[in-house]
Amino acid sequence: MPIAPAQLARSLGALGPLDVERELAGTLQQVLRSAKTLFDAARVGLMLVDEDGALGWASASDGMAEARSGNLTVPVHVGGGPVGTLDVSVTAPRRWDDSEVAALHAYAGMVASLLVAAVTAPVTGRLADQLRAALEHRLLIEQAVEILVDREGLDAQAALAWLGAAARSSGCPLIQMARDVVGGAPLPSDRLAQARAQRREATDLEVATHRRDSELHEGAARGYERRGQAGRAQTERLQAAAARGRIIDAEAERRRADAEP
């Protein structure tokens with residue numbers, strides 16, 4: 001579901017003044033609820049590294065939830081390093097486009113600005129303590145993310161999500177998994193295999209979507225030709241050709257993912 005820049009601006013602008021000094025938890029939840037509406041999602045959640053070094057839920061649009069990654073995830077950076085993730089969860093499979101990713105990054109930036117303000121404000125409570133722990137661990141986590149990006153061909157978002165998933169599957173804190181990666185320990189092959197399988201699944205979905213679009217445009221072109229509307233038929237055939245081009249790109253991406261060691 002593409003998100004236009006004006007739509008994003010209205011969503012952010014409707015939040016009004018935000019006061020973390022008054023109530024950090026309530027202010028964050030207000031932002032996450034706004035994001036949930038924009039993305040038409042089941043839940044939008046903020047995960048932060050807690051005092052034990054584990055990636056866990058800090059806030060969510062509909063209250064606390066279990067610690068698991070969303071269907072679309074972007075990192076939240078404070079002071080140049082990642083302190084957690086912003087996650088969008090949906091109930092049905094969805095192919096995310098660039099405008100949605102950009103919009104979630106914009107919301108992650110707003111969340112980060114609130115966290116920065118909370119660092120210097122007289123804020124107390126569980127969430128404030130979790131934020132302070134996340135800031136303490138961010139450098140090591142950032143180093144681990146950079147290693148995964150370089151060594152495994154993951155992007156930064158996938159690398160951070162992989163760290164959290166690998167830590168949970170291994171039963172250890174996120175900070176320990178990051179420490180292991182930085183120390184050169186062998187990476188859990190099952191988690192890497194799963195990450196690659198998820199990428200292949202995503203490209204398979206993309207191929208199926210473009211193939212359906214191509215077939216629809218070709219069918220429309222035949223219909224216009226039968227009605228003697230050659231101009232419209234040509235437009236539909238051009239759109240079908242563009243869809244086939246996207247199929248070629250997506251299949252090339254799938255082959256690249258399959259060929260990775």
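All residue numbers refer to positions in the sequence shown, counting from 1. Since we're looking at a predicted model, the values are computed, not measured.
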- All heavy atoms of Val74 vs all of Ala108, minimum pair found to be CG2-CB, 3.7 Å
- Leu86 side chain near Leu32 side chain, heavy-atom distance below 4.5 Å: yes
- Message: Is it the case that the side chain of Glu100 and the backbone of Asp97 share a donor-acceptor pair, with hydrogens and angles ignored and the cut-off at 3.5 Å?
- Response: yes
- Query: Which heavy atom of Asp213 sits nearest a heavy atom of Ala243, and at what distance?
  - Reply: CB-CB, 4.2 Å
- Message: As an exercise, state the distance from CG of Asp87 to CG of Leu104, rounded to the nearest 0.5 Å.
- Response: 8.0 Å
- Name all residues meeting the salt bridge (Lys or Arg N to Asp or Glu O under 4.0 Å) criterion together with Arg10; count only those two or more places apart in sequence or in a different chain, and write none if there are none. none
- Which heavy atom in Val182 sits nearest to a heavy atom in Gln143, and how many Å separate them? CG2-CB, 3.8 Å
- Note on the structure: For Gln229, the side chain to side chain contact (heavy atoms under 4.5 Å, CB included) test, sequence neighbours excluded, returns Tyr224, Arg227, Arg232
- Query: Heavy atoms, side chains only, cut-off 4.5 Å: are Glu218 and Arg237 in contact?
  - Reply: yes
- So OH of Tyr107 and CG of Leu46: to nearest 0.5 Å the spacing works out to 14.0 Å
- Query: In Å, rounded to the nearest 0.5 Å, how long is the span from CZ of Arg244 to NE2 of His210?
  - Reply: 13.5 Å
- Query: When you measure from the side chain of Ser34 to the backbone N and O of Gln30, does any donor-acceptor pair fall under 3.5 Å?
  - Reply: no
- Message: Please find the pair of heavy atoms, one from Ala103 and one from Ile3, that lie closest to each other, and give the distance.
- Response: CB-CD1, 3.9 Å
- Closest contact, heavy atoms only, Val181 versus Ala144: CG1-O, 3.9 Å
- Task: Give a yes or no on whether the backbone of Gln7 and the side-chain of Ser11 come within a donor-acceptor separation of less than 3.5 Å.
- Result: no
- What one should report as the nearest heavy-atom pair of Ala35 and Val44 is C-CG2, 3.9 Å
